[in-house]
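Computation of the quantities below employed the complete heavy-atom set of this structure, encompassing side-chain atoms and omitting hydrogens, waters and symmetry-equivalent molecules. Given the structure is predicted, the values throughout are model-derived calculations rather than measurements.
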Amino acid sequence: MKNGLQKFGKFLSSMVMPNIGAFIAWGLITALFIADGWIPNEGLASIQPYMLTYLLPVLIAATGGALVGGDRGRVMGAIAVMGCIAGVGGTDGQPMLMGAMVIGPFAGWVIKKFDELMDGHMPTGFEMLINNFSVGILGMIIAIIGYFIIGPVMTAILAVLTAGVNTLINHGLLPLVSIFIEPAKVLFLNNALNHGIFTPIGSTQVEELGRSIMYMLEANPGPGLGVLLAYCFFAKDKTTKQSAPGAVIIHFFGGIHEIYFPYVLMNPIVIIAPIVGNLCAITFFSLTGCGLKAPASPGSIIAFLSMAPKDKLVFTIIGVLIATVVSFLIASPIIKYTNGKKGSLEDAKNQMSQMKAEAKGQIAENDAAIDSSSVKKIIFACDAGMGSSAMGATKFRNRLKDVRPEIIVKNTSVDNIPSDCDVAVVQTTLADRARKSAPQARLITIGNFLADASLDALYEQLATGNDKTETEKAGETVVEKDVPEKVAKNKVIDENGVKLNQLSVPKEEAIRVAGELLVKQGCVDEAYVDAMIEREKLTTTYMGMGLAIPHGTSEAKDSVKKTGIVLVQYPEGVDFGDEKAQLVFGIAGIGDEHLDLLSKICEALEDEEILEKMKTTDDVAWILEQLA
């Protein structure tokens, strides 16, 4: 349900977000030139109603049509929405923003279906005639439908919603919407709320009253600022405390609210703070008659104040301060007394990622092997593709440019990751949508764009080609932090766990040989061997450079009796997809007992001479010496 809501909300906001510049232009004209504006000008103020009535609905409908039907859908949406506008009286009627969100995609869908029906059936030489007239005729028909049906229906719906909002305001209940707004924001429904629901209702109120409190409900940066400031002062985890000040700047001045979501997710009880903070701010705004003249997007303090009427500017600032102080005062003791128990930001993010992966019977994407030399394009993706992903892409691009300048690093929305993407970086809560959008890409799930161990690991791989971090994780073991000392290495691998000069066999057989060797060593039950085969079906355990490390699924941990690593050497190589593995390390791990040896394996891989000799030598003692 959450993914469905996110996807629907993303679609609504996708029609508005690309056109925010037009909303800002309309808002500035309103704020500056109307009778009670900063510099009243009757002539310039006359531009405002035309932008609200015609420009904004046409842009939204055209964008919605394009999302469904491409360029032809764009034209269809623009034609069709004019019927909605005319159907409610043009400049004398209600703004048709919600109507545009319905008729634009509908028009795009109609032309898309028409094109699918005509595919391969157009008479030669009549293509242009059919293409042009189909848009004209179908656009006219849908415009008529908009005039008689969609426009009036959406006006009625908007009237009901507006009446509901007015009832909440009149009875002092509007502040209670913060109970739903703040959790919805953390679930990445912030853009859907702000642009899919509040903007259409707010536009109607602006037309009538000159301002709307609806624009203040989600965009207020105060609640999130209070949470981040609390982490700045009271976070016990060093990484979290160091990242919070940077997040404050990006959130408050950059307007990217998504930056504080992980700080709430790592300690969910903290959500109480922004809820109460926003509730207090909305109460104050309601009592003082505050409202903005246009959407504040992004939710920066700069955008928030620039859209405030001059006579309410001081009250608007006070409302933001109220939200910040209340949120800070509530979040501070929660963070101070629970943060140490809940763990660091990275702990929370990794735990969430691991739990999600285990629930699906899969290894977490961050733990899968990657061939760093094959990475050509990295995409940072967030919900809208315009906020945190842009910041993350810029930061990582600057970090990477000196070592791998040929790699393209861009950002986009999570539902529009390009097909040529090699690595997709997304927030953990958006992982499911990213998998559907880019099944071909290696997925890196993160919790924080400013300081995230997964990004550090990705950078290390791309910069050095060192798969140490990934290899250490690939045993799918739970790493305990308080292990007093490593188990002696001869308990993890010995001469009986090494088989050299084996003839090439199919991949599945090579994995079984390694598994059976683990069984003989007393490390695992027979069931673990089948789990190793199942694990390989999920994603390859080939690590590159002629090395594979097959191991069981997370469900097979009960089959592990003791930690062990075995090595089977195939000088001619075993096919792992398009690559050949000469060294197949079978792994069964409890805790982190095997990590020291895996670290030695990685060190050996860094020396090309040792690596190549390891692939062909018949000296077991020499191999054990290199791994000692």
Side-chain angles (χ1 to χ4, degrees), residues 15-63 78 81-82 84-86 88-101 155 158 162 165-166 169 194-195 197-221 253 255 285-286 288-320 386:
M15 287 184 274
V16 179
M17 290 292 285
N19 303 307
I20 285 298
F23 278 89
I24 292 174
W26 164 62
L28 290 175
I29 289 174
T30 304
L32 292 173
F33 303 126
I34 63 174
D36 61 345
W38 291 92
I39 45 176
N41 185 300
E42 185 177 352
L44 294 177
S46 67
I47 300 173
Q48 185 261 358
Y50 292 97
M51 296 180 75
L52 178 60
T53 302
Y54 299 109
L55 176 63
L56 297 180
V58 168
L59 286 174
I60 291 172
T63 304
V81 76
M82 297 308 294
C84 289
I85 294 171
V88 296
T91 54
D92 296 325
Q94 297 288 341
M96 266 291 103
L97 300 186
M98 289 187 69
M101 291 181 180
T155 299
L158 183 59
T162 303
V165 170
N166 290 334
I169 294 174
N194 202 21
H195 302 307
I197 299 173
F198 298 153
T199 292
I201 298 175
S203 300
T204 301
Q205 292 184 334
V206 169
E207 184 73 2
E208 298 174 357
L209 307 173
R211 68 192 66 168
S212 175
I213 195 174
M214 303 304 293
Y215 295 140
M216 310 180 90
L217 302 183
E218 185 275 338
N220 187 349
F253 295 104
F285 290 144
S286 298
T288 54
C290 286
L292 302 184
K293 292 182 176 292
S297 183
S300 161
I301 187 62
I302 298 170
F304 202 74
L305 296 182
S306 67
M307 293 303 164
K310 67 178 181 180
D311 61 326
K312 298 295 181 182
L313 184 60
V314 173
F315 290 130
T316 302
I317 294 173
I318 293 173
V320 174
M386 298 178 68

Handout entry: Any side-chain heavy-atom pair of L52 and S203 under 4.5 Å
Key = yes
Problem - N41 side chain to L44 backbone, donor-acceptor under 3.5 Å - result: yes
Fill in the blank from the handout: In short, G319 meets N220 closest at the heavy-atom pair O-ND2, 4.1 Å
Practice task
Indicate the atoms forming the closest heavy-atom contact of Q205 with V165, along with that distance.
Solution key: NE2-CG1, 3.8 Å
Problem - Atom pair OG1 (T63) and CE (M101), whose distance is rounded to the nearest 0.5 Å - result: 10.5 Å
Practice task
Would you indicate whether the side-chain heavy atoms of T30 and M51 approach each other to under 4.5 Å?
Solution key: no
Practice task
Check the angle between the aromatic planes of Y215 and W26 and answer parallel, tilted or perpendicular using the 30° and 60° thresholds.
Solution key: perpendicular
Handout entry: L59 vs F23 side-chain heavy atoms within contact, under 4.5 Å
Key = no
Problem - Closest non-hydrogen atom pair, A294 against G27 - result: CB-CA, 3.2 Å
Exercise for the section: Applying side chain to side chain contact (heavy atoms under 4.5 Å, CB included), run through L292 and K312 and close with a yes or a no. Expected result: CA-CA 9 Å; L292 302 184; K312 298 295 181 182; over 6 Å; no
Completion exercise
Between A35 and P40, the two heavy atoms sitting closest are O-CG, 3.4 Å
Practice task
Before giving the answer on side chain to side chain contact (heavy atoms under 4.5 Å, CB included), spell out for M216 and F304 the whole-Å C-alpha distance, their side-chain angles and the decisive distance to 0.1 Å.
Solution key: CA-CA 8 Å; M216 310 180 90; F304 202 74; 3.9 Å; yes
Exercise for the section: Would you give the length of the straight line joining atom CG of L158 to atom OG1 of T204, rounded to the nearest 0.5 angstrom? Expected result: 4.0 Å
Handout entry: Any T53 side-chain heavy atom under 4.5 Å of M96 side chain
Key = no
Practice task
Drop me the distance from Q48's CD to L32's CG, to the nearest 0.5 angstrom.
Solution key: 12.0 Å
Handout entry: From OG (S212) to CG (L217), nearest 0.5 Å
Key = 7.5 Å
Handout entry: Non-hydrogen side-chain atoms of I47 and F33 separated by less than 4.5 Å
Key = no
Problem - Main-chain N/O of F253 paired to S300 side chain as donor or acceptor, under 3.5 Å - result: yes
Completion exercise
Smallest heavy-atom separation, V320 atom then P221 atom, equals CG1-CG, 4.4 Å
Practice task
Taking the side chain as every heavy atom from C-beta outward, state whether L305 and T316 have any pair of such atoms under 4.5 Å apart.
Solution key: yes
Fill in the blank from the handout: Between S306 and A31 the two heavy atoms that sit nearest each other are O-CB, 4.3 Å
Fill in the blank from the handout: Here the gap from I60 atom CD1 to L97 atom CG, rounded to the nearest 0.5 Å, amounts to 4.5 Å
Problem - 4.5 Å side-chain heavy-atom contact, K293 and P309 - result: yes
Handout entry: Close side-chain approach of E42 and I34, heavy atoms under 4.5 Å
Key = no
